[in-house]
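Beneath this line is the structure, given in structure tokens, with notes to follow.
Small disclaimer: the values here were computed from a predicted structure and weren't measured. Positions are given from 1, in the same order as the sequence printed here.
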Amino acid sequence: MADNKPIGIFDSGYGGLTVFRSIFKELPDYDYVYIGDTARAPYGNRSFQTIHQYTWECVQWLFKQGCPLVILACNTASAKALRNIQQIDLKNEDPAKRVLGVIRPTAQVIGNYTQTQEIGVLGTKGTVQSESYKIEIGNFFPGVKVFQQACPLWVPLIENGEYDKPGANYFVKQYLDQVLAQSTNIDTLLLACTHYPLIQQKIMEYLPKNIQVVSQGDIVAKSLADYLQRHPEMETSISRNKTQQFFTTTDDTADFDHYAELFFSAAVKSSYADINNC
Ligand code: DGL
């Protein structure tokens, strides 16, 4: 579609589909293009430079598909690449385009969920090391204490379809024990990785009933709706034909479609994206 101006949604793999699912529910009229960089996922343990390079390559690919606006539906990319993209890359590429992340919209509201003013943040090593959540939540809710826990094995377990097997239980419990050992007063656990909603049920089974688990999809979707309302120049530049296109950087699209359906809660038919040749 030559005049298609979709909203672009990016993740290192499948996780961003949990955010896309909420965005599509909230804003069903727009066109969307999703790309999962499954060939190079997971990003979580990679260096700042690599995460920035991979993310920017995918964002540029989305721009070439006509997207005026791209959502990084990935905490790791939001933590490690977003600032450079917003402050440097976009200025050189096309200052009219916009790239938004998932950390700020989440930090903006997460303090409203806690009674005890203590939150546990579960994320990839990259997200935790960046301290982005501590900094952003501190800006919006200075009284809230943030305890972080990296869960480096969760994304590989999820990306490889092992997350619902009994072997996964050990690693789910291990990281939960580690975050709860940091304070007995935590009453809210934030799933600060877009892959983790797939193990939300399992996580809840290991937690005391007084601890709530918050995932980001609906938060990010509401924040995007609000953003589009406040930016009519962007809102009117996005096309509205209710189309969804899915792309993966792995050439085995059937494999992508199989797992993607679990994350998106609907059938997915993807195409291969050759991001180095577009
Ligand atoms: N889904 C990504 C996030 O929200 C992480 C996945 C990865 O490690 O690649 O952080």
Side-chain angles (χ1 to χ4, degrees), residues 9-27 32 34-38 41-44 71-79 101-110 113-114 119-128 132-133 148-165 168-169 171-176 179 186 188-207 211-224 244 246 248 256-268:
I9 302 185
F10 159 79
D11 181 47
S12 60
Y14 304 102
L17 291 164
T18 63
V19 174
F20 183 17
R21 162 177 95 186
S22 297
I23 290 178
F24 183 66
K25 208 166 96 202
E26 181 79 25
L27 302 162
Y32 294 95
Y34 180 92
I35 184 166
D37 192 8
T38 37
Y43 281 13
I71 311 298
L72 302 186
C74 173
N75 289 271
T76 310
S78 300
V102 290
I103 295 181
R104 176 167 290 226
T106 307
Q108 228 160 355
V109 298
I110 192 67
Y113 287 75
T114 173
I119 293 174
V121 172
L122 304 168
T124 65
K125 209 165 109 194
T127 299
V128 166
S132 300
Y133 272 101
Q148 302 191 96
Q149 180 61 47
C151 312
L153 287 169
W154 283 2
V155 170
L157 283 170
I158 294 168
E159 286 270 320
N160 290 293
E162 290 292 321
Y163 64 94
D164 56 353
K165 310 268 163 55
N169 295 0
F171 296 105
V172 171
K173 184 170 178 324
Q174 185 186 49
Y175 297 136
L176 292 176
V179 70
I186 293 171
T188 303
L189 281 183
L190 170 65
L191 304 185
C193 172
T194 55
H195 281 67
Y196 297 172
L198 254 80
I199 53 169
Q200 184 159 348
Q201 279 311 320
K202 207 166 248 212
I203 290 171
M204 284 160 65
E205 282 165 28
Y206 284 104
L207 291 176
I211 299 183
Q212 64 182 326
V213 179
V214 180
S215 62
Q216 296 171 294
D218 291 352
I219 294 173
V220 174
K222 289 209 162 40
S223 164
L224 177 59
Q244 302 170 4
F246 299 87
T248 165
F256 181 87
D257 296 350
H258 171 73
Y259 285 114
E261 186 171 344
L262 303 172
F263 287 80
F264 196 57
S265 306
V268 167

**Message:** Within the 4.5 Å heavy-atom criterion, are Val213 and Leu191 side-chain neighbours or not?
**Reply:** yes
**Item:** Nearest heavy atoms of Gln244 and Phe24, plus distance in Å
**Value:** NE2-CZ, 2.9 Å
**Complete:** The reported gap from CD in Glu26 to OG in Ser223 (rounded to nearest 0.5 angstrom) is 10.5 Å
**Non-neighbouring partners of Phe246 that pass ring-ring contact (aromatic ring centres under 6.0 Å, His included), sequence neighbours left out** = Phe20, Phe264
**Prompt:** Would you say Tyr113 and Gln212 make side-chain contact, with heavy atoms under 4.5 Å?
**Reply:** yes
**Prompt:** Given side chains that start at C-beta, do those of Ile199 and Phe171 come closer than 4.5 Å, heavy atoms only?
**Reply:** no
**Item:** Side chains of Val155 and Tyr43 in contact at under 4.5 Å (non-hydrogen atoms)
**Value:** no
**Prompt:** How far apart are the C-alpha atoms of Thr124 and Asn75, what are their side-chain angles, what is the distance that settles it, and do they pass the side-chain contact (heavy atoms from CB on, under 4.5 Å) test?
**Reply:** CA-CA 8 Å; Thr124 65; Asn75 289 271; over 6 Å; no
**Message:** Minimum heavy-atom separation for Phe10 and Asp37, please, with both atom names.
**Reply:** CE1-CB, 4.3 Å
**Steps toward side-chain contact (heavy atoms from CB on, under 4.5 Å) verdict (Ile219, Val102)** = CA-CA 9 Å; Ile219 294 173; Val102 290; over 6 Å; no
**Message:** Holding to salt bridge (charged side-chain N to carboxylate O under 4.0 Å, His left out), I want the full list of residues that pass it with Lys25, two or more places apart in sequence or in another chain.
**Reply:** none
**Prompt:** Is Pro42 close to Ser12 at the side-chain level, that is, under 4.5 Å between some pair of heavy atoms?
**Reply:** no
**Asked** Taking atom OG1 of Thr76 and atom CD1 of Ile103, what is their separation to the nearest 0.5 Å?
**Response** 8.0 Å
**Item:** Test item: Thr18 side-chain N/O and Thr194 main-chain N/O as donor-acceptor pair under 3.5 Å
**Value:** yes
**Request:** Please tell me if the side chains of Leu198 and Tyr14 come closer than 4.5 Å, counting only heavy atoms from C-beta onward.
**Result:** no
**Asked** With sequence neighbours left out, which residue pairs that include part of residues 152-161 fulfil the side chain to side chain donor-acceptor pair (under 3.5 Å) condition?
**Response** Glu159-His195
**Asked** Quick one: salt bridge (charged side-chain N to carboxylate O under 4.0 Å, His left out) partners of Lys173, sequence neighbours excluded?
**Response** Asp177
**Asked** Can you name the closest pair of heavy atoms from Val179 and Gly120 and give their distance?
**Response** CG2-CA, 4.1 Å
**Prompt:** How close do Tyr34 and Gly16 get, heavy atom to heavy atom, and via which atoms?
**Reply:** OH-N, 3.3 Å
**Residue pair Pro197 / Phe263, side-chain heavy-atom distance below 4.5 Å** = no
**Asked** Between the main-chain N or O of Thr106 and the side-chain N or O of Gln216, is there a donor-acceptor pair closer than 3.5 Å?
**Response** no
**Request:** Can you measure from CZ (Arg104) to OG (Ser78) and round to the nearest 0.5 angstrom?
**Result:** 12.0 Å
**Item:** Any donor-acceptor pair under 3.5 Å from Tyr196 side chain to Gly123 backbone
**Value:** yes
**Check against side-chain contact (heavy atoms from CB on, under 4.5 Å), Tyr259 and Val268** = CA-CA 9 Å; Tyr259 285 114; Val268 167; over 6 Å; no
**Item:** Heavy-atom check, side chain of Val19 versus side chain of Ile9, under 4.5 Å
**Value:** no
**Item:** Tyr133: which of Ile119, Ile110, Thr127 passes side chain to side chain contact (heavy atoms under 4.5 Å, CB included)
**Value:** Thr127
**Message:** Restricting to salt bridge (charged side-chain N to carboxylate O under 4.0 Å, His left out), what partner residues turn up for Glu162, sequence neighbours left out?
**Reply:** Lys165
**Prompt:** Got a second to check how far Leu176's CG is from Ile186's CD1, nearest 0.5 Å?
**Reply:** 10.5 Å
**Message:** According to salt bridge (charged side-chain N to carboxylate O under 4.0 Å, His left out), who are the partners of Asp257, at least two apart in sequence or on a separate chain?
**Reply:** Lys269
**Prompt:** So how far is it from Cys193 SG to Ile158 CD1, rounded to the nearest 0.5 Å?
**Reply:** 6.5 Å
**Message:** Rounded at 0.5 Å granularity, tell me how far CD1 in Ile23 sits from CD1 in Ile71.
**Reply:** 5.5 Å
**Message:** If you count every heavy atom of other residues, nucleotides or ligands that lies below 6.0 Å from Arg21 atom CZ, does the total exceed 12?
**Reply:** yes
